[in-house]
Amino acid sequence: KRIFSPLAVGGAALTIITVHLPGWQAARDLGRASNAQDPLVALAAFEQSLRQAPYQDGAVTEIITAHTIELLNDLPPVHSARILLQQFIESLIEEFSTSVRLRPNTYVLWGSYFAAAGKLEQASHYLASAHDLAPRKQSVIVLQGRVELLRDDPFAARAFFHSAFELNED
């Protein structure tokens, strides 16, 4: 006795491949990027992963942002790959930030990227967005304080740190 017809099994397999294959391919490309020693190879893998799962998955963008921060930390301030990576991630952030509803973690990563890049106004903007979505998340408030320290505003930093500490008392 057949429980499933070959046509139904084929249809289910086609659905699984159509829905999940782009994500699997994007994951493969992201894995290749994380193992790349050359930042330009990583950049090519990032771009390939976005072609596989374009902007539909915030997790892909979060992974790319985290890897980009790691790569930028290893590059000297004046390096052609650094400039290309910064242009890539900033255009990704600009395009993705208006396309879907984002999680607080995405904003935290973006704020962290901009803080690492020395673009403190953008860092503050994205961390404020994360705080709006998760107002009781201490790590976000502490990061906001760290950005204020980078801006040479210890009083604003103290206010953020104090706010985070007060949440701990609740």
Side-chain angles (χ1 to χ4, degrees), residues 26-27 29-31 33-47 49-50 53-170:
D29 294 326
L30 289 173
S34 68
N35 293 325
Q37 299 297 319
D38 182 349
L40 295 178
V41 171
L43 178 60
F46 291 154
E47 291 171 338
S49 70
L50 287 172
Y55 307 116
Q56 62 197 12
D57 188 355
V60 171
T61 303
E62 289 176 14
I63 291 168
I64 289 173
T65 303
H67 285 309
T68 300
I69 292 169
E70 290 175 20
L71 289 168
L72 290 173
N73 286 335
D74 293 337
L75 290 172
V78 180
H79 192 283
S80 60
R82 181 182 193 84
I83 294 165
L84 290 172
L85 280 167
Q86 286 178 316
Q87 289 171 343
F88 168 76
I89 196 66
E90 289 175 21
S91 68
L92 175 69
I93 289 170
E94 183 178 324
E95 187 166 345
F96 194 81
S97 66
T98 59
S99 64
V100 295
R101 181 169 162 75
L102 299 169
R103 302 177 324 145
N105 290 348
T106 305
Y107 288 118
V108 169
L109 278 168
W110 292 352
S112 298
Y113 161 75
F114 281 113
K119 298 180 177 184
L120 303 179
E121 192 66 36
Q122 287 114 318
S124 292
H125 167 75
Y126 287 112
L127 290 173
S129 296
H131 185 258
D132 289 344
L133 292 173
R136 299 190 53 80
K137 192 168 186 176
Q138 287 177 304
S139 60
V140 173
I141 300 168
V142 169
L143 282 171
Q144 288 178 293
R146 291 181 66 202
V147 168
E148 292 306 320
L149 284 176
L150 291 171
R151 293 173 121 177
D152 287 329
D153 190 345
F155 299 107
R158 183 182 184 280
F160 280 114
F161 296 145
H162 184 72
S163 175
F165 180 76
E166 284 179 339
L167 285 175
N168 203 33
E169 293 177 351
D170 290 345

For the atom pair CG (N105) and OG (S112), what is the distance rounded to the nearest 0.5 Å? 10.0 Å

Counting only N and O atoms by type, is there a donor-acceptor contact under 3.5 Å from the side chain of S163 to the main-chain atoms of A159? no

To the nearest 0.5 Å, what is the distance between CZ (F165) and CZ (R158)? 11.0 Å

Minimum heavy-atom separation for V140 and A130, please, with both atom names. CG1-CB, 4.0 Å

Check against side-chain contact (heavy atoms from CB on, under 4.5 Å), Q144 and V147: CA-CA 5 Å; Q144 288 178 293; V147 168; 5.8 Å; no

Looking only at non-hydrogen atoms, find the nearest pair between A123 and A115 and report the distance. CB-N, 3.5 Å

With sequence neighbours excluded, tell me which residues meet side-chain contact (heavy atoms from CB on, under 4.5 Å) with D153. E148, F155, A156

Could you tell me the separation between the CD atom of E70 and the CG atom of L85, rounded to the nearest 0.5 Å? 12.0 Å

At their closest point, which heavy atom of V142 faces which heavy atom of A164, and how far apart are they? CG2-CB, 3.9 Å

F160 and L149: CA distance, side-chain angles, deciding distance, side-chain contact (heavy atoms from CB on, under 4.5 Å) verdict: CA-CA 10 Å; F160 280 114; L149 284 176; over 6 Å; no

Residues that E121 engages under salt bridge (charged side-chain N to carboxylate O under 4.0 Å, His left out), provided they are two or more places apart: R151

Partners passing side-chain contact (heavy atoms from CB on, under 4.5 Å) against I83 (at least two apart in sequence or in another chain): Q87

Minimal non-hydrogen separation, L127 against G111, with atom names: CG-CA, 4.1 Å

Quick one: do the Y113 and Q122 side chains pair a donor with an acceptor below 3.5 Å? no

Hey, can you tell me if Y126 and F114 have their rings parallel, tilted or perpendicular (30° and 60° cut-offs)? parallel

Taking all non-hydrogen atoms of both residues, which atom of L72 and which atom of R82 are closest, and how far apart? O-NH1, 2.5 Å

Euclidean distance, L143 CG relative to L109 CG, rounded to 0.5 Å: 10.0 Å

Going from NE2 on H131 to CD1 on I141, what distance comes out if it is rounded to the nearest 0.5 angstrom? 4.0 Å

